[in-house]
Amino acid sequence: MLDKVIYQIYVKSFNDSNNDGIGDIAGIIEKLPYLALLKIDYLWLTPVFKSPQQDNGYDVSDYYAIDPLFGSIIDLELLISEAEKYGLKIMLDMVFNHTSTDHEWFQKALAGDTKYQDFYFFSSDKYNWQSKFGGDAWEYIPSLDKYYLHLFDKTQADLNWDNDAVRLELHKVVKYWISKGIKGFRFDVINLVSKHQPFCNSLGDGREQYTDGPKVHQYLQELNQLCFSHDVDFITVGELSSTTIEECLKYANNKHDELHCVFHFHHLKVDYKNGFKWTRDYFDFIGLKKILADWQLSMNENDVCDALFWSNHDQPRIASRFYPANTHVQQNMKNKMLAISMYLMRGISCIYQGEELGIKNANFSQIDLYQDVESINFYNSHPDPQISLEILKQKSRDNGRTVMQWNNEEYHGFSNIKPWLSVVECNSCPSFQDQQFDPDSTYSFYKFLIALKKECPPLIYGDISFEQLDHEQLFIYSRMYAGETYLIVCNFTNKTAAYQIEAGYRLIYSNSSNLQDLLPFQALILHNSTN
Ligand code: TEU
Ligand code: CA
């Protein structure tokens, strides 16, 4: 499993086959040759289920139906069978912490059906918890004189997993998609499903009342036992909000009786000043290294599989993050350095669409261009529109959601018409067309790196160790296996760093021909063998 590569497709923005401005399943089928060339193993599709799209599909109104925006069940079946011809397996994104308030269950609850009210959390009292998207997490329904819980948008009502009937329904959904040939799942915010009871007010924003709650491991073991295929190719990834290493060692334990691997986000909060997302121009490099080292070492020691990732649809683009590159050459080196620094660690590599092209942040200069509910809520709650726009340029989730840049046309070859979300505001945007045949491009490098890892057992199975965690510029780690060592040295900064290759090491790769110290964003892969 440690050798696998997952590629995340944000379906809405990948490829639009019928020119309505919205990416679709048939569009993914058209691009299977592109995906196969990258030599990835799994395609994780963000939710394609029926949804009012208040949170871009993370608000599901029918777990059995494909949203017509994306196509039909026939398209999905075709994708599964066509992908198989290329050796690619499909993973779906299951949003089980909540449903859309348009879901039949919630609608029945609203109409007064107490059976379905028990599918959610309805309460006569309200509590002071905050929604992750801003504002209160308990919403009042006058007709019932009750409040219901929504940890995200108010159209995303939290499901009551303590109700056996709810878990049974969710198991049915999982089994249905497995029967269609789905080979894995990503479970959205799965560590929030077990809430502490009885409810009470929080001293903070409420998160201690539901994060890694009392029965979460029991519920995941049950889901695993009753539903998961024992197919060796089957993969489950849990998305975990504000979790801990200790809990993750349980979620992804090596018996695999819960999940196979875990997404956790501490390393992507190192540019949150004082832990607060909506801030600018801050990057704690030493903090980043310590987080990566802590997690990697614990997971290595306990034989637990980590998910390695820099980006997803909730994150700004990694090419625009951390220290800025000053020239195109530096940007290209930075993209490669970031890929080396992350994907040669121990775990499943998870690449987000467009990362392999070095796509940058949206850089939208007007608020009307934003679509993301969280970004709009933030803007509306901030006193200074100019400052909040600048912050959105760095932190908005829409930065990661602009369309794939297939070519250099107005809409990047994504569609013939204006896409649902505006394209990146930039002068010369990196595109597949420009990079396809350029051996020095970010795209060519991703292909090289994926292939390199697959060929080198030490980079897959090797133990990991870290050096000089206090160094202000360099991130250094080694992977060791059967007498072989790979040493990875990355200059994370836009300044030259002093470094001398140690005796006995052979250079496997450098993203620059320079070997006198390390240029800005230079990275080395070195090898030493005692065999
Ligand atoms: O995200 C969970 C989550 O908590 C975040 O990454 C969230 O976007 C961040 O806290 C905001 O600052 C998952 C999905 O990936 C996201 O797209 C959904 O909006 C969310 O769950 C609700 O389903
Ligand atoms: Ca379309």
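Reckoned from all heavy atoms, side chains included, excluding hydrogens, waters and symmetry mates. All ligand and atom numbering here is 1-based and tracks the order in the structure.
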**Study point:** Salt-bridge contact R346-D306 (side-chain N to carboxylate O under 4.0 Å)
**Key:** no
Exercise for review: Answer yes or no on whether K31 is positioned over the face of W406, meaning its NZ or CZ is under 6.0 Å from the six-membered ring centre and within 45° of the axis.
Suggested key: yes
**Study point:** Test: K289 cationic atom under 6.0 Å from F475 six-membered ring centre, within 45° of axis
**Key:** no
Review point. Would you say the side-chain atoms of H217 and E247 include a donor-acceptor pair closer than 3.5 Å?
Key: yes
Practice item. State, with a plain yes or no, whether a side-chain heavy atom of R317 is found less than 4.5 Å away from one of T402. Key: yes
Exercise for review: Check the angle between the aromatic planes of F228 and F234 and answer parallel, tilted or perpendicular using the 30° and 60° thresholds.
Suggested key: tilted
Check your understanding: If you leave out waters, which protein N, O or S atoms are less than 3.0 Å from the Ca ion (ligand 2)?
Key -> D16 OD1, N18 OD1, D20 OD1, I22 O, D24 OD2
Review point. Can a donor-acceptor pair be found between the side chains of T155 and Q54 at a distance below 3.5 Å?
Key: no
Exercise for review: Please say whether the positively charged group of K12, taken as NZ for Lys or CZ for Arg, lies over the ring of W420, i.e. under 6.0 angstrom from the six-membered ring centre and within 45 degrees of the axis.
Suggested key: yes
Practice item. Please work out which of the three classes, parallel, tilted or perpendicular, describes the rings of F187 and F185, given edges at 30° and 60°. Key: tilted
Contact table, ligand 1 N/O with protein N/O, distance under 3.5 Å:
| residue | atom | partner | partner atom | Å |
| --- | --- | --- | --- | --- |
| ligand 1 | 1 (O) | E239 | OE2 | 3.2 |
| ligand 1 | 1 (O) | D314 | OD2 | 3.3 |
| ligand 1 | 6 (O) | D314 | OD2 | 3.1 |
| ligand 1 | 8 (O) | R397 | NH1 | 2.7 |
| ligand 1 | 12 (O) | K277 | NZ | 3.0 |
| ligand 1 | 12 (O) | E374 | OE2 | 2.4 |
| ligand 1 | 15 (O) | R186 | NH2 | 3.0 |
| ligand 1 | 15 (O) | H313 | NE2 | 2.9 |
| ligand 1 | 15 (O) | D314 | OD2 | 2.5 |
| ligand 1 | 17 (O) | H313 | NE2 | 2.9 |
| ligand 1 | 17 (O) | D314 | OD1 | 2.7 |
| ligand 1 | 19 (O) | D55 | OD1 | 3.3 |
| ligand 1 | 19 (O) | D55 | OD2 | 2.5 |
| ligand 1 | 19 (O) | R397 | NH1 | 3.0 |
| ligand 1 | 21 (O) | D188 | OD1 | 3.0 |
| ligand 1 | 21 (O) | D188 | OD2 | 3.1 |
| ligand 1 | 23 (O) | H98 | NE2 | 2.9 |
| ligand 1 | 23 (O) | D188 | OD2 | 2.7 |

